Amino acid sequence: MNVRWDCCKISLQAPPLDYSFRGISFIQDLLTEQPRAGLKVIKHSAGGKLLTQAVRLNNNTINELTDFASTMEQLLEYPDELSWVDLSFNDLPTIDPVLTMYPNLRALNLHGNSIQSLSEVDKLAVLPHLRTLTLHGNPIEEEKGYRSYVLSVLPQLKSFDFSGVTKQDRSTATFWRRMNVKPKKVKKRRDDY
């Protein structure tokens with residue numbers, strides 16, 4: 001346990017694994033592509049995997065996250081500790097459920113993609129530590145009630161679209177949800193008749 005804790009402390013302070021601007025179309029290409037060199041070097045574990053909790057995949061041509069989990073397993077020593085993923089400026093049409101496999105995810109950048117349906121945001125509700133989210137520059141941004149909808153589904157957000165979430169935002173989101181979300185009908189069982 002001590003070794004894992006020490007490695008997690010190192011990975012918390014490590015720079016992100018940076019595959020931005022690499023022309024990547026498929027996640028499995030990360031295994032053959034060299035990441036961008038940063039000012040700080042990412043340390044490796046004894047097993048040769050990288051000790052970081054952040055991955056930058058922005059400004060590529062990724063349109064699906066097939067093999068995301070298995071690729072993170074191969075690259076990162078502790079993929080379950082992933083806390084920041086930048087997938088901005090890609091071609092993602094949906095929010096892939098694979099992102100919900102990372103319960104420690106705190107920041108997720110999805111701006112500048114092709115996400116069409118506001119209900120895609122619902123998938124992220126299972127991420128208890130998500131505090132920062134970007135979605136602007138997607139077609140969903142044009143939907144009525146966009147900000148209120150997102151904040152009603154993800155009330156734990158502190159920052160949304162690079163803007164702090166205010167008390168007024170939370171109040172508006174709560175009111176919006178009350179006015180726009182119909183309560184689920186309770187199904188009666190046969191023996192209730």
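All values reported here derive from a predicted model rather than from experimental measurement. Note that the numbering runs from 1 along the sequence shown for the chain.
The aromatic ring centroids of F89 and F21 lie 6.0 Å or more from each other.
Counting heavy atoms of neighbouring residues, nucleotides and ligands inside a 6.0 Å radius, atom CZ of F162 exceeds 12 of them.
For the pair N113 (side chain) and L110 (backbone), a donor-acceptor distance under 3.5 Å is present. With hydrogens and angles ignored, the 3.5 Å screen pairs a side-chain donor or acceptor of E141 with a backbone N or O of G137. Listed for the N138 side chain is a donor-acceptor partner under 3.5 Å among the backbone atoms of S114. A distance-only check finds no donor-acceptor pair linking the side chain of N60 to the backbone of S25 [under 3.5 Å]. Side chain of D169 to backbone of V165: no donor-acceptor contact under 3.5 angstrom is found. Within the 3.5 Å criterion, the main-chain N or O of N90 finds no donor-acceptor partner in the side chain of N58.
Inter-residue side-chain proximity for L118 and V150 is flagged as met; some heavy-atom pair is nearer than 4.5 Å. The closest side-chain heavy-atom distance from L99 to L87 is below 4.5 Å. A heavy-atom distance below 4.5 Å is found between the side chains of L92 and I62. Within the 4.5 Å cutoff, the side chain of T172 has no heavy atoms near those of the T174 side chain. A 4.5 Å side-chain heavy-atom check between L82 and N104 finds every atom pair outside the cut-off. Inter-residue side-chain proximity for T132 and K158 is flagged as unmet; no heavy-atom pair is nearer than 4.5 Å. Side-chain atoms of W84 and R56, non-hydrogen and from C-beta on, do get closer than 4.5 Å to each other. D96 places none of its side-chain heavy atoms less than 4.5 Å from the side chain of T66.
Nearest heavy atoms, P103 versus L127: CA-CD2, 4.3 Å. Scanning all heavy atoms of the two residues, the minimum distance from M101 to A69 falls at CE-CB, 3.8 Å. In this structure, I42 and L50 approach most closely via the heavy-atom pair CG2-CD2, 3.9 Å. Of all the heavy atoms in P15 and T52, the pair that sits closest is O-OG1, 2.8 Å. Listed here is the closest heavy atom pair of S148 and A173: O-CB, 3.5 Å.
The CG atom of L108 sits 10.0 Å away from the OG atom of S88 when rounded to the nearest 0.5 Å.
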Checklist entry - Should L124 and L133 be marked as a side-chain contact (heavy atoms from CB on, under 4.5 Å) after you check the CA-CA gap, both sets of side-chain angles, and the distance that decides it? => result CA-CA 10 Å; L124 301 176; L133 177 66; 4.0 Å; yes
Item to check | Steps toward side-chain contact (heavy atoms from CB on, under 4.5 Å) verdict (D122, S119) | outcome: CA-CA 5 Å; D122 297 355; S119 64; 4.1 Å; yes
Show me the donor-acceptor pairs within less than 3.5 Å that the side chains of residues 26-37 make with the rest of the protein, sequence neighbours left out.
from: Q28; atom 1: NE2; to: D67; atom 2: OD2; distance (Å): 3.4
from: T32; atom 1: OG1; to: D29; atom 2: O; distance (Å): 3.2

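A side-chain N or O of D161 and one of Y146 form a donor-acceptor pair less than 3.5 Å apart. T134 and N109 share a donor-acceptor pair across their side chains, judged by distance under 3.5 Å alone.
Between E77 and the options K49, K43, H44, a side-chain contact (heavy atoms from CB on, under 4.5 Å) holds for only K49.
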